[in-house]
Asks: 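Right, I'll just put the structure down here and ask away after.
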Amino acid sequence: MESIIDRTEAVRDLMWGWPALILIAGTGIYLSLRLGFLPIRRLGFGFRQMFSPAPGQGTIGSNAALATALSATIGTGNIVGVATAIASGGPGALVWMWLIALVGMATKYAEAVLAVHYREQDHRGQYVGGPMYYIRKGMGSRWAWLAVLFAFFGMCAGFGIGNTTQTHSVADGLHDSFGVPTWTTGLVLMAMVGLVVLGGIKRIARVATFVVPFMALAYLLTGLAVLADHAAALPAAIALCFDSAFSGTAAAGGFAGAVIKEAIQYGIARGIFSNEAGLGSAPIAHASANTDHPARQGSVAMLGTFIDTIVVCSVTGLAIVASGAWTSGEKGAPLSALAFSSTFGTYGEIVVTCGLAVFAFTTLLGWSLYSERCTQYLFGERALVPFRWVWVLVVPVGAMMDLGLVWPIADIMNILMAVPNLIALLFLAPVVVRLSKEFFDQQ
């Protein structure tokens with residue numbers, strides 16, 4: 001098993017090398033420039049849309065689409081992913097997560113604009129869309145093979161980033177904190193996920209709309225309490241993050257040290273894992289939203305990246321650095337738990353473990369929709385019910401997998417589905433600019 005993990009990590013490191021990082025970051029920068037940094041300028045407009053009635057047609061409400069997308073993005077990446085990035089790349093990795101999120105807002109905006117513009121209605125009258133649709137319809141039939149590739153990788157990626165990774169993180173956390181057997185966690189999660197997923201997109205959206213705001217607020221308030229407790233160390237922690245981002249991090253305590261390349265690589269990789277900008281996943285949910293114009297829903301969609309990384313990930317990351325936990329040598333969820341325990345004592349581990357469980361549960365719901373839509377594109381509507389059952393049955397398998405194998409597989413699946421989507425975003429950027437100008441000139 002150890003040799004398999006080593007080979008998988010080698011493949012992951014190769015695929016997440018500089019070409020991939022340049023493609024992801026470059027696409028975000030290019031779209032930001034083409035749009036005149038519209039997502040940042042129109043951030044207030046986006047928040048107003050989030051609290052306004054959704055006009056137009058769709059399968060689920062505009063806010064429900066955002067909640068569904070956030071249910072997938074606010075997951076283990078916000079706790080385990082941030083901790084992994086800092087443990088491997090140093091405090092500077094957090095800055096690179098911020099930077100990739102700022103340009104990622106333009107990426108997420110463009111994805112949603114195209115998803116709504118090129119969406120279709122299936123035989124059940126539900127709106128469906130996403131990269132596979134805007135690749136085929138926007139780029140033309142010659143590129144239909146690229147749409148199929150995205151759908152195939154998206155279908156498979158769901159079982160990595162959205163299923164096994166999430167269940168394993170929860171099972172591992174509950175086992176370490178409370179001694180709960182991993183198979184027990186797997187079975188309980190399977191039952192809970194099955195009750196929601198088997199009901200389709202409308203049930204997923206209803207649960208996400210109810211759970212996501214409460215879980216995010218509860219975690220943020222707890223994290224802010226940790227930051228308040230370490231308020232005196234916060235300025236130095238922020239300065240350390242920026243200094244480490246551009247000069248590397250020396251060894252400290254149990255931390256082995258990191259060079260700039262590692263800060264960039266782990267910061268971008270974990271940032272993408274967390275906010276999913278560029279993967280092409282979130283536009284699948286936003287394609288189903290009630291809206292009267294693609295740019296309006298794009299303005300809502302870009303909030304997902306802002307909330308996930310600039311807000312939630314920042315709280316986790318700054319808590320780890322300000323508390324000094326990053327020098328402990330811990331990794332993953334135990335590192336986040338150590339940071340929270342500096343304020344809440346033995347309850348810190350409980351806070352992180354419970355947050356991890358809820359975040360992972362909602363991610364399992366959101367990603368089931370993404371993977372399902374990709375399966376529907378490949379095999380038609382007759383595949384929906386069998387897919388849902390397979391998704392539910394895989395949940396306990398992920399709970400008992402080895403973490404060393406789970407994370408590299410998730411990273412590999414991320415980049416495989418991102419490449420076709422990023423190619424389409426670069427190709428269709430003029431369409432995004434035209435639709436944006438058309439909409440905001442009228443506002």
Asks: Could you check whether any side-chain heavy atom of Arg373 comes within less than 4.5 Å of a side-chain heavy atom of Leu378, counting everything from C-beta outward?
Replies: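 The answer is no, as the side chains (C-beta and beyond) never meet within the 4.5 Å cut-off.
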Asks: Look at the aromatic rings of Phe427 and Trp143 and report parallel, tilted or perpendicular, splitting at 30° and 60°.
Replies: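 Taking Trp143 first and then Phe427, their aromatic rings sit tilted (interplane angle of 30° to 60°).
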Asks: Hey, are the side chains of Val82 and Ser274 touching, using non-hydrogen atoms and a 4.5 Å cut-off?
Replies: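 No; the side chains remain at least 4.5 Å from each other.
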Asks: Could you state the interatomic distance from CG (Leu102) to CG (Leu99), rounded to the nearest 0.5 Å?
Replies: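 Going from CG on Leu102 over to CG on Leu99, the span is 6.5 Å.
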Asks: Ignoring hydrogens, what is the shortest heavy-atom contact between Met302 and Met105? Give both atom names and the distance.
Replies: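 Looking at all heavy atoms of both residues, the shortest contact is CB-O, 3.6 Å.
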Asks: Quick check: do Asp122 and Tyr127 have side-chain heavy atoms less than 4.5 Å from each other?
Replies: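 No, side chains not in contact.
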Asks: Would you name the heavy atoms of Cys241 and Leu94 that are closest together and state the gap between them?
Replies: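 For Cys241 and Leu94, the tightest heavy-atom pair comes out as SG-CD2, 4.1 Å.
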Asks: With heavy-atom distances below 4.5 Å as the criterion, would you say the side chains of Val193 and Ser368 are in contact?
Replies: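 Val193 does not reach Ser368 side chain to side chain.
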Asks: If you look at every heavy atom in Trp326 and Ala252, which pair is closest and at what distance?
Replies: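 What the structure gives for the nearest pair is CH2-CB, 4.1 Å.
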Asks: Can you tell me how far CG of Leu189 sits from CD of Gln166, rounded to the nearest 0.5 angstrom?
Replies: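 Nearest 0.5 Å value for the CD-CG distance: 10.0 Å.
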Asks: Once rounded to the nearest 0.5 Å, what's the spacing between atom SG of Cys354 and atom CD of Glu349?
Replies: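 So the SG of Cys354 and the CD of Glu349 are separated by 10.0 Å.
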Asks: Applying side chain to side chain contact (heavy atoms under 4.5 Å, CB included) to Phe152 and Cys374, what does each step give before you reach the verdict?
Replies: CA-CA 7 Å; Phe152 175 75; Cys374 291; over 6 Å; no
Asks: Assess the pair Phe214 and Phe210: is the distance between their ring centroids shorter than 6.0 Å?
Replies: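 Yes, they do, as the ring centres are separated by less than 6.0 Å.
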Asks: State yes or no: are the ring centers of Trp367 and Phe159 separated by less than 6.0 Å?
Replies: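 So the answer is no for these two rings.
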Asks: Side chains of Ser281 and Glu276: do they bring a donor and an acceptor to under 3.5 Å?
Replies: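 Short answer, yes.
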Asks: Could you please spell out the steps behind the side chain to side chain contact (heavy atoms under 4.5 Å, CB included) verdict for Trp98 and Cys313?
Replies: CA-CA 9 Å; Trp98 292 335; Cys313 284; 6.0 Å; no
Asks: Would you say Arg124 has more than 12 foreign heavy atoms packed within less than 6.0 Å of its CZ?
Replies: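 It does: Arg124 CZ has more than 12 such atoms within range.
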Asks: With side chain to side chain contact (heavy atoms under 4.5 Å, CB included) as the test, would you mind laying out the steps for Ile24 and Thr107 before giving the verdict?
Replies: CA-CA 9 Å; Ile24 294 170; Thr107 307; over 6 Å; no
Asks: Could you give me the CA-CA distance, side-chain angles and deciding distance for Met155 and Phe379, then say whether side chain to side chain contact (heavy atoms under 4.5 Å, CB included) is met?
Replies: CA-CA 11 Å; Met155 178 182 67; Phe379 304 109; 3.9 Å; yes
Asks: Side chains of Thr316 and Tyr219: do they bring a donor and an acceptor to under 3.5 Å?
Replies: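 On atom types as modelled, these side chains qualify, holding a pair under 3.5 Å.
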Asks: So does Val180 get a backbone contact from the side chain of Thr184, meaning a donor-acceptor N/O pair under 3.5 Å?
Replies: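 Between the backbone of Val180 and the side chain of Thr184 there is no qualifying donor-acceptor contact (under 3.5 Å).
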Asks: Rounded to the nearest 0.5 Å, how far apart are CD of Glu111 and CG of Asn421?
Replies: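 Going from the CD atom of Glu111 to the CG atom of Asn421 covers 4.5 Å.
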Asks: Under 4.5 Å between any side-chain heavy atoms of Met15 and Leu416, yes or no?
Replies: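 Result yes, sub-4.5 Å side-chain heavy-atom pair found.
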Asks: Between Thr309, Asn78, Thr305, which is the residue that forms a side-chain hydrogen bond (donor to acceptor under 3.5 Å, both in side chains) with Asn275?
Replies: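 Exactly one pass, corresponding to Thr309.
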Asks: So, do Thr167 and Thr185 sit near enough that their side-chain heavy atoms are less than 4.5 Å apart?
Replies: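 With C-beta onward as the side chain, the pair stays apart.
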Asks: Looking just at side-chain N and O atoms, do Ser288 and Gln126 make a donor-acceptor pair shorter than 3.5 Å?
Replies: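 Side-chain D/A pair, Ser288 to Gln126: absent.
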Asks: Hey, does the side chain of Glu262 reach the backbone of Val259 with a donor-acceptor pair shorter than 3.5 angstrom?
Replies: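 Such a contact is found between Glu262 side chain and Val259 backbone.
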Asks: What about Phe150 and Tyr377, are their ring centers closer than 6.0 Å?
Replies: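 Ring centroids of Phe150 and Tyr377 are no less than 6.0 Å from each other.
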Asks: Looking only at non-hydrogen atoms, find the nearest pair between Ala65 and Ala289 and report the distance.
Replies: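 So the minimum-distance heavy-atom pair works out to CB-CB, 3.7 Å.
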Asks: State, with a plain yes or no, whether a side-chain heavy atom of Arg119 is found less than 4.5 Å away from one of Tyr133.
Replies: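 Arg119 does not reach Tyr133 side chain to side chain.
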Asks: What closest approach, in Å, do Val315 and Leu224 show between heavy atoms, and which atom pair accounts for it?
Replies: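 The answer is CG1-N, 4.1 Å.
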Asks: Can you tell me how far apart CZ (Arg382) and OG1 (Thr375) are? Round to the nearest 0.5 Å.
Replies: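 That separation rounds to 12.0 Å.
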Asks: Do Met50 and Asn63 come close enough that some side-chain heavy atom pair is under 4.5 Å?
Replies: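 Yes; the side chains approach each other to less than 4.5 Å.
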Asks: Taking Ser32 for the side chain and Phe37 for the main chain, is one N or O donor matched with an acceptor at less than 3.5 Å?
Replies: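 Between the backbone of Phe37 and the side chain of Ser32 there is no qualifying donor-acceptor contact (under 3.5 Å).
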Asks: Do the charged groups of Lys137 and Glu120 touch, with an N to O distance under 4.0 Å?
Replies: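 Answer for the salt bridge query: yes.
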Asks: Hey, could you give me the CZ/OG1 distance between Phe255 and Thr327, rounded to the nearest 0.5 Å?
Replies: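 So the CZ of Phe255 and the OG1 of Thr327 are separated by 10.0 Å.
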Asks: Heavy atoms only: give me the nearest Thr68-Ala285 pair and the separation to one decimal.
Replies: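 Residues Thr68 and Ala285, closest heavy atoms: CG2-CB, 4.2 Å.
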